[in-house]
S.K.: 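Next up is a structure, given as structure tokens.
When a ligand or atom number is given, it counts from 1 through the structure's own listing order.
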Amino acid sequence: MNTSDSEHIAGMLLASGLTASPTPEESDLIIVNTCAVREKSEEKLYSLLGRLESLKEKKGTIIGVVGCVAQLHRSKLWDKKPSLDFIIGPDNYGKISQIIPSQTRKKVLFTEWSPEWRDQPVQQIKRDSKVSAYITIMEGCNNFCSYCVVPFTRGREKYRPIPSILEEAEELASKGYKEIQLLGQNVNSYIDPETGDNFAALLENINKIASIEWIRFITSHPKNFIDEIAYAMKKANKVCHQLHLPIQSGSTSVLQRMNRGYSREEYLEKIDLLRNLMPDIHLSTDIIVGFPGETQVEFQETLGLLANVRYTNIFSFRYSPRPQTAAAKKEDNIAFEEKKNRLIQVQALQRKIQLEKNKSLIGQTQKILCTGISKKDPHVYTGRNAGYQVVNFNSPNDVFDQFIWVKILSCGPYSLFGEKAEFPSFSR
Ligand code: SAH
Ligand code: SF4
């Protein structure tokens with residue numbers, strides 16, 4: 001979501017006549033787009049701002065904070081960092097280009113909410129990739145999971161009308177984009193504000209756009225992941241058989257305290273349905289360890305669930321209390337060392353599962369969307385398969401931004417390695 005927001009902001013700045021500069025030192029304006037979801041990401045912001053302060057002293061660089069930390073602390077951010085020039089929350093990105101000319105004169109704060117969806121001209125978005133694009137379909141969250149700050153930073157849910165989403169997708173298709181990733185804090189609760197059509201209907205519509213080959217979406221809340229969406233995924237042939245379905249904990253009692261709205265059993269029933277409908281589906285999840293009061297027994301239930309579901313990938317975090325949330329009012333009573341230890345156990349188990357699963361893919365030929373060069377080796381290409389796994393590979397010719405076939409030759413727990421192949425034997 002933040003990557004996509006940054007692409008929107010960059011587009012606005014370019015449209016207002018600014019140009020991108022290669023380093024912070026050479027910039028006249030620096031905007032830090034922020035995430036407030038965990039304590040650690042917020043701490044990183046303050047250390048970055050500390051480093052940027054010297055630039056401000058030396059050459060008067062204009063520095064602003066936008067995004068969720070801006071919204072969470074509003075004008076209080078000035079108590080911590082008085083030299084900031086502007087503070088703009090996620091609901092007010094549209095105002096960034098308005099304030100740039102007035103920057104040198106006064107400090108600016110924009111954190112009020114708007115109940116309406118506001119479209120930015122599609123042509124303005126400065127996308128990083130030429131083949132894969134994010135499309136925001138909704139913003140905000142109504143769920144109030146007890147640990148989560150997002151409803152306080154992104155406000156209540158608002159939905160973009162289907163025609164506007166389709167217009168953006170068609171524009172992307174006409175420019176040669178091949179993959180679309182629909183974005184929202186909880187895409188499963190999407191509803192067209194004008195017609196009442198739901199997320200399954202949206203998938204069906206996007207699936208009709210010629211030349212888009214892969215469709216993905218993130219994030220799905222299990223509570224709103226109704227069977228109709230699983231059937232729509234199966235029916236829409238361009239929707240990748242890949243789903244991020246965050247469970248957070250394998251223990252029903254912890255899930256209740258998290259206010260997630262489903263039990264372990266209900267979650268597992270959804271996994272069964274998905275695997276029955278799409279046996280090749282790749283599943284991923286989010287896990288929080290050390291939620292207040294999480295007992296050893298409850299933690300073992302999370303390990304048991306991971307061993308049972310065998311996800312393709314997981315994102316796992318130590319619980320950190322966040323301002324304004326219900327959980328922050330409870331004692332954060334799992335010691336840091338214990339949280340760390342639980343996280344190590346989760347990650348070690350998952351690493352083993354991923355290695356086993358990845359090994360079973362060796363010898364397959366897979367369809368890959370090439371998105372760049374491997375970070376480790378400039379002679380190696382990188383891309384993703386339909387399951388959204390990272391695949392690094394050799395190719396004798398330039399395959400940037402193209403779909404190609406790759407034969408998987410080896411793997412680690414977190415990526416696959418292969419070489420460009422001519423004859424596909426596996427067709428998703
Ligand atoms: N809307 C998404 C999640 C967005 S936040 C969803 O409901 O799945 C991304 C992830 O950050 C969450 O899934 C959760 O695992 C993690 N997270 C959120 N708040 C946290 C906190 N206070 N401490 C640790 N992890 C947290
Ligand atoms: Fe946070 Fe829960 Fe909303 Fe996800 S669904 S953004 S975890 S409150």
S.K.: Is ligand 1 less than 4.0 angstrom away from at least one heavy atom of H244?
M.R.: no
S.K.: Evaluate the criterion side chain to side chain donor-acceptor pair (under 3.5 Å) for residue pair S6 and N33; output intermediate values, then yes/no.
M.R.: CA-CA 7 Å; S6 294; N33 189 13; 3.0 Å; yes
S.K.: State, without any angle test, whether D91 and Q71 hold a side-chain donor-acceptor pair at a distance under 3.5 Å.
M.R.: no
S.K.: Report the part of P246 in contact with ligand 2, treating N, CA, C, O as backbone and CB onward as side chain, heavy atoms under 4.0 Å; options are side chain, backbone, both, neither.
M.R.: neither
S.K.: Are the aromatic rings of F225 and Y267 close, with centres under 6.0 Å apart?
M.R.: no
S.K.: To the nearest 0.1 Å, how far is atom 3 (Fe) of ligand 2 from its closest protein heavy atom, and which atom is that?
M.R.: C141 SG, 2.2 Å
S.K.: Closest non-hydrogen protein atom to atom 24 (C) of ligand 1, residue and atom name please, with distance?
M.R.: R318 O, 3.3 Å
S.K.: Do S320 and ligand 1 have an N or O pair less than 3.5 Å apart?
M.R.: yes
S.K.: Looking only at distance, does Q185 have an N or O less than 3.5 Å from an N or O of ligand 1?
M.R.: yes
S.K.: For atom 13 (O) of ligand 1, what is the closest protein heavy atom, and at what distance to 0.1 Å?
M.R.: D286 OD2, 2.6 Å
S.K.: Is the contact between R260 and ligand 2 made by the side chain, the backbone, both, or neither, using heavy atoms and a 4.0 Å cut-off?
M.R.: side chain
S.K.: Quick test: of every protein heavy atom, which one is nearest to atom 26 (C) of ligand 1, and how far off is it to 0.1 Å?
M.R.: I288 CD1, 3.7 Å
S.K.: Tell me whether K223 is salt-bridged to E266, with the criterion being a basic N under 4.0 Å from an acidic carboxylate O.
M.R.: no
S.K.: Do me a favour and list the nearest non-hydrogen protein atom to atom 8 (O) of ligand 1 with residue, atom name and distance?
M.R.: P246 CG, 3.0 Å
S.K.: Below 4.0 Å, non-hydrogen atoms only: which portion of Y147 touches ligand 2? Side chain, backbone, both or neither.
M.R.: side chain
S.K.: Just which atoms of ligand 2 are under 4.0 Å from any heavy atom in F144?
M.R.: 8 (S)
S.K.: Hey, would you say the F400 and Y381 ring centroids sit under 6.0 Å apart?
M.R.: yes
S.K.: Starting from atom 2 (Fe) of ligand 2, locate the nearest protein heavy atom and write down its residue, its atom name and how far away it is, to 0.1 Å.
M.R.: C145 SG, 2.3 Å
S.K.: Answer with side chain, backbone, both or neither: which part of R154 has a heavy atom less than 4.0 angstrom from an atom of ligand 1?
M.R.: neither
S.K.: Could you tell me whether K367 sits above the aromatic face of F403, with NZ or CZ closer than 6.0 angstrom to the six-membered ring centre and within 45 degrees of the axis?
M.R.: yes
S.K.: Quick one: nearest non-hydrogen protein atom to atom 19 (N) of ligand 1, plus distance?
M.R.: Y147 CD1, 3.3 Å
S.K.: Regarding E337 and N341, do their side chains bring together a donor and an acceptor under 3.5 Å, going by distance alone?
M.R.: no
S.K.: At less than 4.0 angstrom from any non-hydrogen atom of R322, what atoms of ligand 1 do you find?
M.R.: 22 (N)
S.K.: Could you list the atoms of ligand 1 found under 4.0 angstrom from a heavy atom of R260?
M.R.: 7 (O)
S.K.: Using non-hydrogen atoms of the residue, decide whether R154 is closer than 4.0 angstrom to ligand 2.
M.R.: no
S.K.: Check E179, E171, E168 against R127 for a salt bridge (charged side-chain N to carboxylate O under 4.0 Å, His left out) and give me the one that passes.
M.R.: E168
S.K.: Is T219 close to ligand 1, meaning an N/O of one under 3.5 Å from an N/O of the other?
M.R.: no
S.K.: Return the option from G140, C148, P222 holding the heavy atom at the smallest distance from atom 1 (Fe) of ligand 2.
M.R.: C148
S.K.: Any non-hydrogen side-chain atom of R310 less than 4.5 Å from a side-chain atom of Q350?
M.R.: no
S.K.: Can you classify the ring geometry of H73 versus Y46 as parallel (below 30°), tilted (30 to 60°) or perpendicular (above 60°)?
M.R.: tilted
S.K.: For N186, which part has a heavy atom under 4.0 Å from ligand 2: side chain, backbone, both, or neither?
M.R.: neither
S.K.: Can the ring centroids of H244 and F217 be said to lie less than 6.0 angstrom from one another?
M.R.: no
S.K.: Distance under 4.0 Å to a non-hydrogen atom of H221: what atoms of ligand 2 satisfy this?
M.R.: 5 (S)
S.K.: Q185 heavy atoms, cut-off 4.0 Å: which ligand 2 atoms fall inside?
M.R.: 6 (S)
S.K.: State, yes or no, whether a side-chain contact exists between T312 and K357 at a heavy-atom distance under 4.5 Å.
M.R.: yes
S.K.: Before signing off on this row, confirm whether H221 and ligand 1 have an N or O atom pair separated by under 3.5 Å.
M.R.: no
S.K.: Side chains of I31 and I96: closer than 4.5 Å at any heavy-atom pair?
M.R.: yes
S.K.: Would Q248 count as a polar contact of ligand 1, with the cut-off being nitrogen or oxygen pairs under 3.5 Å?
M.R.: yes
S.K.: Does the side chain of E42 come under 3.5 Å of the side chain of T34 through a donor N or O and an acceptor N or O?
M.R.: no
S.K.: Give the numbers and elements of all ligand 1 atoms closer than 4.0 Å to a heavy atom of V37.
M.R.: 5 (S), 18 (C), 19 (N), 20 (C), 21 (C), 22 (N)
S.K.: Within the 4.0 Å heavy-atom shell around P151, which atoms of ligand 2 are there?
M.R.: 8 (S)
S.K.: Less than 4.5 Å apart, any side-chain heavy atom of H221 and any of R260?
M.R.: yes
S.K.: Between R38 and ligand 1, does any nitrogen or oxygen pair lie at a separation below 3.5 Å?
M.R.: yes
S.K.: Answer yes if a protein heavy atom lies under 4.0 Å from atom 3 (C) of ligand 1, otherwise answer no.
M.R.: no
S.K.: Do V289 and F317 make a side-chain contact, defined as non-hydrogen atoms from C-beta onward lying under 4.5 Å apart?
M.R.: no
S.K.: Please work out, at 4.0 Å between heavy atoms, whether the side chain, the backbone, both, or neither of F317 comes within that distance of ligand 1.
M.R.: side chain
S.K.: May I have the step-by-step check of side chain to side chain donor-acceptor pair (under 3.5 Å) for N385 and Q389, ending in yes or no?
M.R.: CA-CA 6 Å; N385 61 14; Q389 291 180 284; 3.1 Å; yes
